[in-house]
Each structure stands twice: as C-alpha cells, then as structure tokens.
There are 2 protein chains.
Amino acid sequence: MAPDRRLRPATQSDVAREVGVSRTLVSFAFRGAPGVSGETKEAIFEAARRLGYRPNAVAADLARKHRSAVGLYLMDIRNEVYADILSGVRMALPQDGNRLILSVSRSVDGVDGGALESLIEARVGIIIAATLLDPDERVLELAQIVPLVSVTRPVAGVDSVYSDDVAGARAATEHLLSLGHRRVAHLAGPIYDGHIARRQSYEKTMRDAGLKPQTLAADDFTQEAGQRAATLLLTQAERPTAIFTHNDQLALGAREAAYGLGLAIPGDLSLVGYDNSRTAKLHGIDLTSVDLHAIALGQAAGTIALERLNDPEAPVADKRLTPELVVRDSTAPPAP
Amino acid sequence: MAPDRRLRPATQSDVAREVGVSRTLVSFAFRGAPGVSGETKEAIFEAARRLGYRPNAVAADLARKHRSAVGLYLMDIRNEVYADILSGVRMALPQDGNRLILSVSRSVDGVDGGALESLIEARVGIIIAATLLDPDERVLELAQIVPLVSVTRPVAGVDSVYSDDVAGARAATEHLLSLGHRRVAHLAGPIYDGHIARRQSYEKTMRDAGLKPQTLAADDFTQEAGQRAATLLLTQAERPTAIFTHNDQLALGAREAAYGLGLAIPGDLSLVGYDNSRTAKLHGIDLTSVDLHAIALGQAAGTIALERLNDPEAPVADKRLTPELVVRDSTAPPAP
DNA sequence: ATGAAAGCGCTAACAC
DNA sequence: GTGTTAGCGCTTTCAT
C-alpha cells in the first residue's frame, strides 16, 4: 500500500530529515546541481521514493523569482487548427523543464472563462496566444504584464508568428475568379480589429478584378453561425455563385445551408474554406481550403517563447509563413 | 503609458507601502475579509490599480496550504467529446474562485508530454481526468497523490462520472442486428484495460444473438488508424456487412476505407459510430452514432470535483448517465 | 480597525 | 561536500 500523501504531501524537509542531511542537499540533488556526493544523492532519492516526495514546481518558481511555466491560450478548442498549434508548441518545448499550462477561450458555449486571466494568475513566464481577438493596444498592454507570443496574428511590437493571410485569401479568391466566378461572396468571422486580414485581402482582390466584394460577418466562428449567415447570403435576389469563408467551420455551415436550400456543390455553389482541416478532406466533403501550416506555426511559436524566456531583451520576432491553397471538389466553374 | 510591470510585478507590500498600511490589510481587502474600514479599502484598491498589482494566486495557495486550482486532463484534443466535457466542467465551476488548468495528452502526434504529471506539479487541488487509459490500480495510485474524478470511465473507489457504455454498445449492435445484419464487426480502440466496456458489450450482444463477434483493435483512436484497420476488415474473404466503431473518428476512417475500396454506405456497408460528433451530422456524412452526452458528463464531473474539494471525506461518487443512439443514413438493411 | 510575526515549500548566496 | 540563512508573495494567528 502506498503511503498516504493526501494528508500532508512530503516535502524536501521530510526527505532531509529522513536521510539526516540538510534541505539544501535535497534541493541540489533534485535539480542535479553539482556538489552532492554520489552516496548522498542515492540516499536522498531512496528516501524521496519511500516518502512519495514530489517536487513542488510552483514553490520552486516562487523562490527562484523566475517563472518557468509557459501558458498556451487557444481561442477555440473545436477548431483543429488550435490542436495543431498545441502539437507544434509541444514539439518545440523540451521534454521536461518547462511546464505547459493550457487555457482555452470558447469551447462550445462561447464562455470565455477568463482564459487569459487565468494564465496570468497561474504566474506563467510567458503566454503563447492563438488567436487574440483584442485590439492591438490591448495586446500590447497584456504583453506588458507578461511576455507574449502572438500566434496567427501579427501585432507590431510583440513577438508574432503567423501565416500570410493576405496571400492566402488572395489565392482563394483568385482561384474562384479564375474559374469564372463573378459573384464571389466572403463569409467573415465576427468583426474584431485584429482579425480582418483575410477579409481585406478578399475585398482588395475583388476590386482589383473590377468586381464588387460582398462580405457578410457571421456572429461566431462556428459551423452553426456559418449556416445562419450563409442562408442569408444564399437567399438574396442575386445569390453568389461562390463563397469564400474565413475558416472551415464556417464553410461547413455554408455547405449545410446550401444543401438545405437544395443547392448542389459545386454545381450551384463553389465553396472555399480556410484551415484545411481533417473534415475538409473527407470523401463527400472534399472542401477546397487554404492550409496555414498550423503545426509549423506552433513550433515556431514555442521556439520563440523559449528564446524570449531566456532573453527578455532580444529583438522582437516577426515570423511569417506562407499558406497553401488545396484545391478539391467543392469548387468548379459557375453554371452557364 | 502603463507602468512597466515586467521588471518587478507589484506585490501586496508595494501596495501597502503606497497606502501607508500593513500588508495584512491589503490581503484582507483583496479577499473581502471583514475588518477593513471602507475608506482604507478604497485607498487600497486605488493604489493597487495605479501600481498594476495583480494577486498571485499561486503564492496564495502556497500560504493557505490549500490548493484551489482544478486540473482538467483531456485525452484527445481532436475529439469533440473532450471539448464538450471541458464546456460542461466550466459551467459547473464558479466564475471566479477556482482556476482551471488544462492538460491534454495526445494532440496529433501521440506525444503525451507528461500531461497528468504536469497537473500534479502545478499543484492542483483536484484532477478531473477524461479519459484515463491506465489500469485501475494505477488510477487508484494517482488518486492517492491528488484527488481525482474519473470521467467517461468508472473506477471503483474513485469518484466517477460516465456514460453507460454497455447500454450504448448494445443499442448500437442491436440496431444493426434488427436491420438484418449478421456479419457485424467491431472496430475497437487500442487495447487498454480500462476502456473495454463497449467492446465487451458488443461481443456479448452478438453472442446472445447466436452470432460470432469479430473485433479488430485499431492502433490509435484516430481517423487514420480507423482507416487502416477497416481496410483490413473489409478486404477479408467474407467481409462484414456492418461495422460498429469505438468512436466517430474511427468510423470516419472506416468510411474512407470503404469508399477507397469502392463500397457504398449504407448500400454495401452499414456504419455506426460513437460520440455523435458534429461531423457525424453533416450532410453527406449522416453517421448513425451513439451520443454519450458529453456536456452533461463534464458538468457532473465539475460539480463532484467541487464537493470533493470541500469535503475529502464525502462518500465516493459514482454517476452513470444513459447514452442515446441517433440513427442516420449510414445504416440500412444489408444487400440481399 | 490595524499590525507584527511566523510559516507555506522551495532556492540561492554564503559560510564552513 | 555540506549546512545556515534569508528571502519569494502571500495568509493567518495573535496582539494591540
């Protein structure tokens, strides 16, 4: 039967007392610091095991006046992109050493739950945030409180890792235009200052082609919101022959809306998403989508976070990756 | 310009000095403890705001010898079920008060990253774990180190909240049998002691009907693993006319495998998943699936966690919810 | 209503 | 190689 650690977890003092040495040695032993004889070390580990001692990383950070935990903020746990970013971040962090504390904003009910706040209170040393929706000034303020790496969105003066949304949205829009579409609509996410590059790039591309952009903002980033908004878009007098959406979830919603109205894809409506999620690849879905290389994004963010942790004075990082349009069967020339 | 808190975040002492009172009063004020005059309180909050003081929840926990953070372990961030559980847990936790620290096991690459371990090191007061794959004894050991609530899986002697997998798997299997299928296969997840109720229930249901069960374990819980395993299943001499899978991701993989082999669903193959995920509901996917009410599961777990935190001596909770089979177009009678 | 002092589990000089 | 001591930011008796 294991010792009952529930009442009072063993501490370094307990281990020290058990072995008959000072707390310092126990501390040194556990951190692999030099200056502990092999024998003592053995004895310490032995006693620690027996007592069920586990280092208290939190107290250690407090004493060290140095926060080793990295906080990862994810905007939307239901979006695969964020799972990929998490994966990437993990790859970049050393196996042990840095603890990773997660915090997600909206999960299904749109409840924020003070996700960022909880990271700050947990006293992480740095926050990797994907995706921040706040205005730039607010992000800068946050970065003042705790070092921040902004992922998927560039913020001047703050370490940023992102995909070139301008290029991605342009590629998507041009793909539709090159197929012969003229009434190409854009289904945007909710309006947030920091998240409008795709929309702007779409609108510019349309105007450059001499066409009138039509953007509709959904009230959320979810499939349901996409369905609601797309229904509006598709029941207009002159409905668009193609829709480019801010993300795949919105595209899937638009897809449901189209089928609900009896429209075929790509026969009556071409559809381009953004994220290149796993669902987009399914047989029968075959959604044309822009891949933003989320795993690479996460990896870069993790690396930058580590550097920032080690050197607060390092120059601000600004890393931009190039997205890639993946063409599938949801896009085709418009019906004649 | 905001004060630069990066160099040294303001502490209670700073605030106390600023106001000209003792640290104790600042502490009292921030916790709403009685015994601080209205005026002093005002002055303290004012100074705190000016200095950009933020309470250090971690240090507070240390001093209080009481851990207020609740840790949430999620097995698979790419599975919607876990996003729903997170939502439910959040609903149950009071807005402020308890910090929620997340930790996920496999994200995309199967890297564990010591997810549970990191929760323990973060010194959470209780861990809500969904889904633990370890054998019962190991779970009991863990629960010794820190109170644990097991979600989606019952463990004797440990607070548990789960869905009735036996009933769910039976309903799924019986549905296929009632359609007239006789060669019904089961695509299970990787073999873990704690996660075999669905498989066992399927096998029992088959035998009770006088049929021979055929179970194949995928090497992961992912769509890719499902596709690999299902390809094996479907290229046998006598291929099954129906497959019941451990979860929706495996079902989606089986779906890809079927299409890859030129088989129609449900014409040549009936398919039943588990989770009733959003993808299952998509037009063109229409996957028959078992809903385990993940949000309710999370809510119950959160409630139980709070109770356990307040009363370590409370009787062990065992809460079982009833799942529900949702029939869609992926199931039909077998071809004659 | 307010403050002094001890202590939470740990690290980090600095002695010996 | 080992021990002493003074914190880290906070809570909590116990005085005043």
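In the text below, chain A, chain B and the rest are named by the order of the sequence lines, each starting its count at 1.
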When we call it a touch if two heavy atoms are under 4.0 Å apart, what does Ser13(B) touch: a base, just sugar-phosphate, or nothing?
nothing
Phosphate-side-chain proximity, Ser22(A) and dT2(D), N/O vs OP1/OP2 below 4.0 Å:
no
Just to confirm, is there a sub-4.0 Å distance from OP1 or OP2 of dG9(D) to any side-chain nitrogen or oxygen of Thr11(B)?
no
Counting only side-chain N and O atoms of Arg31(A), is one of them less than 4.0 Å from OP1 or OP2 of dT11(C)?
yes
Rounding to an integer number of Å, can you tell me how far Lys65(A) NZ sits from dC8(D) C1'?
7 Å
Asp61(A) or Leu62(B): which one's nearest nucleotide on DNA chain C is closer to the 5' end?
Leu62(B)
Inspect the contact between Arg153(B) and Asp134(B) and indicate whether a charged nitrogen and a carboxylate oxygen are less than 4.0 angstrom apart.
no
Classify Val21(A) by what it touches in the nucleic acid, base, sugar-phosphate, or nothing, heavy-atom distance under 4.0 Å.
sugar-phosphate
N or O in side chain of Thr24(B) less than 4.0 angstrom from dT11(D) OP1/OP2:
no
Given atom CZ of Arg64(B) and atom P of dC8(D), what is their separation to the nearest angstrom?
20 Å
Measure the distance from CZ on Arg123(A) to P on dC8(C) and round it to the nearest whole Å.
22 Å
Could you tell me the separation between the CD1 atom of Ile44(B) and the C1' atom of dG3(C), rounded to a whole number of Å?
12 Å
NZ of Lys319(B): more than 12 outside heavy atoms within 6.0 angstrom?
no
Does dA1(C) have OP1 or OP2 under 4.0 Å away from a side-chain N or O of Ser37(B)?
no
Of all the nucleotides listed (dG7(D), dT2(D), dT12(D)), which has the minimum atom distance to the side chain of Ala63(A)?
dG7(D)
CD/Gln12(A) to OG1/Thr24(A) distance, rounded to the nearest 0.5 angstrom?
8.5 Å
Nearest of dT11(C), dG9(C), dC8(C) to any side-chain atom of Ala59(A)?
dG9(C)
Separation of Asn56(B) atom CG from dC8(D) atom P, in whole Å?
13 Å
Expressed in angstrom and rounded to an integer, what is the separation of Gln12(B) atom CD from dT12(D) atom P?
11 Å
Nucleotide dG1(D), atom P - distance to CD of Glu39(A) in whole Å:
12 Å
Nearest-0.5 Å distance that lies between atom CG in Leu132(B) and atom CG in Leu116(B):
5.5 Å
Whole-Å distance, Phe30(B) CZ to dT11(D) P, equals 10 Å
Assess the side chains of Tyr82(A) and Thr131(A): does a donor N or O sit below 3.5 Å from an acceptor N or O?
yes
